[in-house]
Amino acid sequence: MNRIFKIFLLVVTVLIAPRAMAADVWRLAPEKSTLTFFVRTTLHDVHGKAQTMSGSFAGGASSAGAATAGAASAGAVDLAVAGLTTDNKGRDVNMYRMFNEPKYKDIHFAFGSPDLSALAAKGEGTILIPGTMTIHNITHPVTLTATGRLAGGTLTCEGAFDIHLKDYDLHPPTVLMMIRVADLVNVKYAMVFTRGDQ
């Protein structure tokens with residue numbers, strides 16, 4: 001009888017464990033997510049967006065951890081530099097040249113597992129997401145403050161942050177030595193993650 005009970009427990013563990021692990025993985029839904037950027041020039045303002053992104057994170061039920069350079073992170077979001085677009089192809093070519101693409105193909109944000117316990121209780125709230133941003137092969141610590149909404153197996157994180165190009169050794173392009181691009185880039189995002197068991 002004891003042997004039969006042990007076999008039963010083993011079968012239940014094998015059947016349930018993959019589902020439990022999957023439930024702890026949240027994957028970015030790129031078709032539902034947006035990231036836009038805004039930068040000033042001496043001639044006009046430039047608006048752009050990211051068309052190619054991917055990402056996921058593990059956990060997030062109750063604990064939060066910071067991702068630091070050289071340390072393993074709970075999650076990451078990657079943007080393809082070649083997927084950054086404005087409404088001007090010539091300007092886009094200059095932008096890719098600034099990023100030294102294709103040598104540095106991605107913008108990489110690695111982060112610790114966000115604490116979703118408050119969202120689980122209220123459905124909406126503020127999330128602090130500490131991590132590191134790597135652009136042009138240079139990494140800096142970044143903490144995002146997002147408005148989070150949790151509904152069933154869908155998590156939406158919305159927020160904004162600024163990037164100084166010089167911090168990542170990026171030199172804004174000039175056109176005809178007259179049109180200059182500002183160092184400060186404003187970024188807005190709405191990232192939608194779905195639970196792994198959805």
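Being a predicted model, the structure only gives us computed values, none of them experimental.
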### Message
Does the plane of the ring in W26 sit parallel, tilted or perpendicular to the ring in F57? Use 30° and 60° as the thresholds.
### Response
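Ring orientation of W26 relative to F57: parallel.
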### Task
Run the numbers on L35 and V187 for side chain to side chain contact (heavy atoms under 4.5 Å, CB included), then give the verdict.
CA-CA 7 Å; L35 184 141; V187 180; 3.8 Å; yes
### OG1 on T143 to CE on M133, rounded to 0.5 Å
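With rounding to 0.5 Å, CE (M133) is 10.5 Å from OG1 (T143).
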### Query
Looking at F38 and D45, what are the two nearest heavy atoms and their distance?
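Smallest heavy-atom distance, with atoms named: CE1-CB, 3.4 Å.
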### Query
For Y104 and V81, which heavy atoms make the closest approach, and how far apart are they?
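Scanning both residues, the minimum pair turns out to be O-CG2, 3.8 Å.
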### Message
Show, in sequence, the C-alpha distance, side-chain angles and deciding distance for E124 and R149, and conclude whether the side chain to side chain contact (heavy atoms under 4.5 Å, CB included) test is met.
### Response
CA-CA 4 Å; E124 185 172 339; R149 291 190 303 276; 3.8 Å; yes
### Query
Can you tell if the side chain of D167 reaches within under 4.5 Å of the side chain of I138, non-hydrogen atoms only?
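SC-SC contact between D167 and I138 ruled out.
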#### Entry: L28 to S54 - nearest heavy-atom pair and separation
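It is CD2-C, 3.7 Å.
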### Query
Should Y96 and V185 be counted in the same cluster of Ile, Leu, Val, Met, Phe, Trp and Tyr side chains packed under 4.5 Å apart?
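Same cluster: Y96 reaches V185 through Ile, Leu, Val, Met, Phe, Trp or Tyr contacts under 4.5 Å.
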### Query
Closest approach of L184 and V39, non-hydrogen atoms and distance?
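Result for this residue pair: O-CG2, 3.5 Å.
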### Query
What distance do M191 atom CE and E158 atom CD have between them, rounded to the nearest 0.5 Å?
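Interatomic distance, M191 CE to E158 CD, rounded to 0.5 Å: 11.0 Å.
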### Main-chain N/O of H140 paired with Y168 side-chain donor or acceptor, under 3.5 Å
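Side chain of Y168 to backbone of H140, a donor-acceptor pair under 3.5 Å: no, none is there.
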### Query
Could you give the distance from CG (N88) to OG1 (T85), rounded to the nearest 0.5 Å?
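Going from the CG atom of N88 to the OG1 atom of T85 covers 11.0 Å.
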### Query
Does N100 use its side chain to pair, donor to acceptor, with the backbone of K103 at less than 3.5 Å?
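No, N100 side chain to K103 backbone: no donor-acceptor pair under 3.5 Å.
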### Task
Would you confirm whether D106, through its side chain, and H108, through its main-chain N or O, come within 3.5 Å as a donor-acceptor pair?
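Judged by distance alone, no pair lies under 3.5 Å.
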### Query
What orientation do Y189 and F161 show, parallel under 30°, tilted 30 to 60°, or perpendicular over 60°?
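The rings of Y189 and F161 sit tilted, inter-plane angle from 30° to 60°.
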#### Entry: Nearest heavy atoms of C157 and A146, plus distance in Å
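C157 and A146 have their closest heavy atoms at CB-CB, 4.1 Å.
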### Task
Taking the side chain as every heavy atom from C-beta outward, state whether V142 and F111 have any pair of such atoms under 4.5 Å apart.
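No, too far: nothing below the 4.5 Å cut-off.
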### Query
If you draw a 6.0 Å radius around CZ in R91, do more than 12 non-hydrogen atoms from other residues or ligands fall strictly inside?
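Result for CZ/R91: enclosed.
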### Task
Specify the closest pair of heavy atoms between G112 and A74, including all atoms of both residues, with the distance to one decimal.
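Closest pair (atom of G112, atom of A74, distance): C-CB, 3.8 Å.
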### Task
Hey, could you give me the CD1/CE distance between I107 and M53, rounded to the nearest 0.5 Å?
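It is 10.5 Å, given to the nearest 0.5 Å.
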### Message
When you compare the side chain of I135 with that of L170, does any pair of heavy atoms fall below 4.5 Å?
### Response
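Of all side-chain heavy-atom pairs linking I135 with L170, at least one is under 4.5 Å.
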### Task
Mind checking the CG-CG spacing from L150 to L155? Nearest 0.5 Å is all I need.
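Nearest 0.5 Å value for the CG-CG distance: 6.0 Å.
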### Task
Measure the CZ-CD1 distance between F37 and I163 for me, rounded to the nearest 0.5 Å.
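Taking CZ in F37 and CD1 in I163, the distance rounds to 10.0 Å.
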### Task
Examine distances only and state if a side-chain atom of D183 and a backbone atom of K166 form a donor-acceptor pair shorter than 3.5 Å.
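Between the backbone of K166 and the side chain of D183 there is a qualifying donor-acceptor contact (under 3.5 Å).
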### Query
Do T139 side-chain atoms and T134 backbone N/O form a donor-acceptor pair below 3.5 Å?
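No: the side chain of T139 does not pair with the backbone of T134.
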#### Entry: pair M98-L165: side-chain heavy atoms closer than 4.5 Å
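Sidechains of L165 and M98: in contact.
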